[in-house]
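The structure appears right after this line, and notes come after that.
Heavy atoms only: backbone and side chains are in, while hydrogens, waters and symmetry mates are out. Throughout, a chain's letter reflects where its sequence line sits, starting with A, and its residues are numbered from 1.
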Amino acid sequence: MSHPLLAILRRDLSLMLRGGRQGGVVLPVLFFLAVAMLFPFAVGPDPRLLARAGGGVIWVAALLAAILPLDRLIEPDMQLGCFDQWALRGISEEAVVMVRVVAHWLSFAPALMLAALPAGALLGLDGGTLRLVELGLAAGTPGLAALGVTVAAVTAGLKGGTALAGLLVIPLAVPVLIFGAGSLAAGGESGIALAAAASLVLVALAPFAGGAAVRAGR
Amino acid sequence: MQDKRCGGFGGPWALAWQAVSFPLSGGVMQASLAPSTASGPGVRLGASALACRRGDRLLFSGLSLALRPGEALRVAGANGIGKSSLIRILAGLAAPYAGTVEREGAIGLIDERLALDPALPLGQALAFWARLDGVEEDALSANLAALGLDELTDVPVRYLSTGQKKRAGLARLLGQRAAIWLLDEPLNGLDTAACAVVEALAAQHCAGGGICLIASHQPFALAGMAVLDLAEFAA
């Protein structure tokens, strides 16, 4: 018998990756690439401008891609009564939310970091900038995932929760974005360390905030 | 394994500890292993001076009950009188407005929410809970056969009929091997044959030292079952 939390992680991943609930990995990645491709059309083909702004564009696209599946992260399981059944089996909401953060991160971040390579090429980023973007994404996406799951838990069951979730995530993601994307302008890795710190705080808070939200919404 | 959460959340520290301690203490593990040995003399379900409020309305108050191993109780009453609320309070999923709940033994709950992924085939959806509850594959198939679901394992849950869904929920309950069954309208949508099966399962559960609490507006044939009319406690 496997550990219950591993069984839940397996279920979450199979639902998310296969597209049962979220359109799979493909949808956020296509969305991410579409944003990166549209940007040059919007600001013009000047290579210097694109190279300067490109890193920031990738960050914003990553944030938007992480927001896409928010409405399907927590609410379906509340509607289905899964959280009730887990609680009866002694599996706390906090544990489930923590597992969900891991599953959400796995379902969008690795694919996104791969897709950042062609996106960087489309925007004409040089190797050093692309390296900083990739490092920053590795540091910042866990925080974005944690934030997404927390906000999804808070807005689950609300009317118009999806739009509200997007609105709530964006300002709260500012620290990760400032440090992650800011490291590109400053040209240093200290920004990435700060993005990782902000990310860690979000990851640490998510199970408690999300778990409490799920219980309150019951 | 008395559940301390029944009377509220036990303060933020208890909440924090509960969340922090799960990977260390193996509490999760224990909970999923416990049901196989859960039926026994220690099992009981009690409530004293329970009151339930929904919104501004007091649904019932002063409700007490005590169930020992092998006992069954049907909670009767009109729609909206608070049967489902009572079940959720007894399960520890909702806090009572007043009063306390005491329970020893794992809780198995069946209500209108299936907790089965609608997109998955029935077999896979149930296999997830079987993994959590530590049910072997043959035991799961035996449960499915007992409820007449063995032909439907390839059908996605969303295509099942009301009665078939109800039976799928019961298959999950059987796998859980919980000592205390809380069944909210277990016969809704079932045909006569399936009703008889459910009544037989409940009888078997009680005979094995389990506790059955059934909220139903329709009769439930079970020998020795007491009836509690919620109307007597309506506020």
Next on the checklist: For the SG atom of Cys82(A) and the CG atom of Leu132(B), what is their distance to the nearest 0.5 Å?
Outcome noted: 10.0 Å
Item to check | Pairs involving residues 87-96 of chain B, ordered by first then second residue, that meet side chain to side chain donor-acceptor pair (under 3.5 Å) (sequence neighbours left out) | outcome: Asp84(A)-Arg88(B)
Next on the checklist: Restricting to non-hydrogen atoms, name the atom on Leu88(A) and the atom on Ala91(B) that form the minimum distance, rounded to 0.1 Å.
Outcome noted: CD2-O, 3.6 Å
Item to check | Value rounded to 0.5 Å, distance of CZ in Arg131(B) from NE2 in His3(A) | outcome: 14.5 Å
Item to check | Backbone of Phe128(B) reached by a side-chain donor or acceptor of Arg10(A) within 3.5 Å | outcome: no
Next on the checklist: Once rounded to the nearest 0.5 Å, what's the spacing between atom CG of Leu120(B) and atom CG of Leu15(A)?
Outcome noted: 5.5 Å
Checklist entry - How about Arg54(B): does its CZ atom have over 12 heavy atoms from other parts shown lying under 6.0 Å from it? => result no
Next on the checklist: When you compare the side chains of Arg172(B) and Gln85(A), does any donor N or O come within less than 3.5 Å of an acceptor on the partner?
Outcome noted: yes
Checklist entry - Under the side-chain contact (heavy atoms from CB on, under 4.5 Å) criterion, do Asp117(B) and Leu80(A) qualify, and how do the steps go? => result CA-CA 8 Å; Asp117(B) 293 300; Leu80(A) 284 173; 3.7 Å; yes
Next on the checklist: If I measure from the heavy atoms of chain A, does Leu114(B) come under 4.5 Å with its side chain, its backbone, both, or neither?
Outcome noted: backbone
Donor-acceptor contacts, no H, no angles, side chain residues 157-172 of chain A, under 3.5 Å, sequence neighbours left out:
none

